[in-house]
Amino acid sequence: MAAPAEETPWHAAFPAPRVTAASVSRVEVIGWIEGDERVAGRDFVLVDVRRADFEGGTIKGSLNFPAHSFYLTLPTVYAVLSAAGVKDVVFYCGSSRGRGPRTAGWLADYLESQGNTSMRALVLEGGIKGWVAAGDKYTALMNGYEASVWKSEQN
């Protein structure tokens with residue numbers, strides 16, 4: 001009996017990012033959210049790239065651009081963020097080891113192709129799972145936070 005064929009990953013339809021986006025810690029991001037020096041939506045934008053696995057909540061103020069469709073909408077997303085003067089775009093997924101770095105890399109590639117040095121594509125270290133694991137200070141800054149979803153994640 002033949003082994004089952006491996007399913008082609010969703011991202012195989014798109015080019016691999018050339019640029020590896022820098023990462024940013026949740027401590028720095030929460031400082032941006034809680035501080036007065038930076039304004040969410042103007043100075044920085046959080047982008048949750050999860051598609052169907054965003055149950056359990058998302059960081060307040062995050063936009064949801066699923067990784068599976070992000071590459072195709074990249075020029076439009078860039079145009080909107082650029083027109084708004086956004087300086088930092090922080091991507092995250094579950095653990096920020098797959099979709100988050102890939103989508104951040106695509107934006108970093110696009111920024112390079114446009115000669116844009118005033119905007120940065122960043123990856124949230126540890127993703128949403130790391131955010132939740134950091135405790136109440138972090139989960140208090142989530143929309144739709146459901147503790148029961150995250151308890152099953154930790155098992």
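Bear in mind that the values here come from a model prediction, so they are computed numbers and not experimental data.
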Relative to each other, are the rings of H68 and W10 parallel, tilted or perpendicular (30° and 60° limits)? tilted
Passing candidate, side chain to side chain donor-acceptor pair (under 3.5 Å) with T58, options N143, N64, D48: D48
Specify the closest pair of heavy atoms between V123 and G100, including all atoms of both residues, with the distance to one decimal. CG2-O, 4.1 Å
Hey, what's the ring geometry for Y138 with W131, parallel, tilted or perpendicular (30° and 60° as the breaks)? perpendicular
For E125 and S23: C-alpha separation, side-chain torsions, deciding distance, then whether side chain to side chain donor-acceptor pair (under 3.5 Å) applies. CA-CA 6 Å; E125 291 175 358; S23 61; 3.1 Å; yes
Within-4.5 Å side-chain heavy-atom neighbours: R26 and K137: no
What's the shortest heavy-atom distance between V29 and V24, and which atoms? CG2-CG1, 3.8 Å
Rounded to the nearest 0.5 Å, how far apart are CE of M119 and OH of Y110? 10.5 Å
Polar contact flag, side-chain donor to acceptor under 3.5 angstrom, N116-Y78: yes
Is it true that a side-chain atom of S25 and a backbone atom of E28 form a donor plus acceptor pair closer than 3.5 Å? yes
As an exercise, state the distance from CG of D109 to CZ of R18, rounded to the nearest 0.5 Å. 4.0 Å
Quick one, L74 and T103 - any side-chain contact, counting heavy atoms below 4.5 Å? no
Separation of K129 NZ from L124 CG (nearest 0.5 Å): 13.5 Å
Over all atoms of both residues, closest heavy-atom pair of V19 and E112: CG2-OE2, 3.8 Å
Using a cut-off of 6.0 Å, state whether more than 12 heavy atoms not belonging to E37 lie near its atom CD. no
Under the side-chain contact (heavy atoms from CB on, under 4.5 Å) rule, what do I128 and M142 come out as? Steps first, then yes or no, please. CA-CA 10 Å; I128 190 74; M142 290 177 66; 3.9 Å; yes
Between V132 and V27, is there shared hydrophobic-cluster membership here, with clusters defined by ILVMFWY side-chain heavy atoms closer than 4.5 Å? yes
Does the plane of the ring in W32 sit parallel, tilted or perpendicular to the ring in F44? Use 30° and 60° as the thresholds. tilted
Distance (rounded to the nearest 0.5 Å) between I30 CD1 and I33 CD1: 6.5 Å
Taking every heavy atom of S96 against every heavy atom of C93, the minimum-distance pair comes out as N-SG, 3.3 Å
Can you say whether the rings of F70 and F91 are parallel (under 30°), tilted (30 to 60°) or perpendicular (over 60°)? perpendicular
For residues L111 and L63: do they belong to one hydrophobic cluster (side chain heavy atoms under 4.5 Å, members Ile, Leu, Val, Met, Phe, Trp, Tyr)? yes
Joint hydrophobic cluster, L72 plus W106, side-chain heavy atoms closer than 4.5 Å: yes
Begin from the C-alpha positions of L81 and V45 and carry the test side-chain contact (heavy atoms from CB on, under 4.5 Å) through to its verdict. CA-CA 8 Å; L81 296 173; V45 170; 3.9 Å; yes
Test side-chain contact (heavy atoms from CB on, under 4.5 Å) applied to E55 and R50, step by step: CA-CA 9 Å; E55 293 85 1; R50 296 173 297 156; over 6 Å; no
Could you walk me through whether Y92 and I59 satisfy the side-chain contact (heavy atoms from CB on, under 4.5 Å) test, starting with their C-alpha distance in whole Å, then the side-chain angles of each, then the deciding distance to 0.1 Å, before giving a yes or no? CA-CA 10 Å; Y92 66 91; I59 301 170; 3.7 Å; yes
Atom of A121, atom of A21 and distance for their closest heavy-atom approach: O-CB, 3.4 Å
Heavy-atom closest pair, residues R38 and D88: NH2-OD2, 2.6 Å
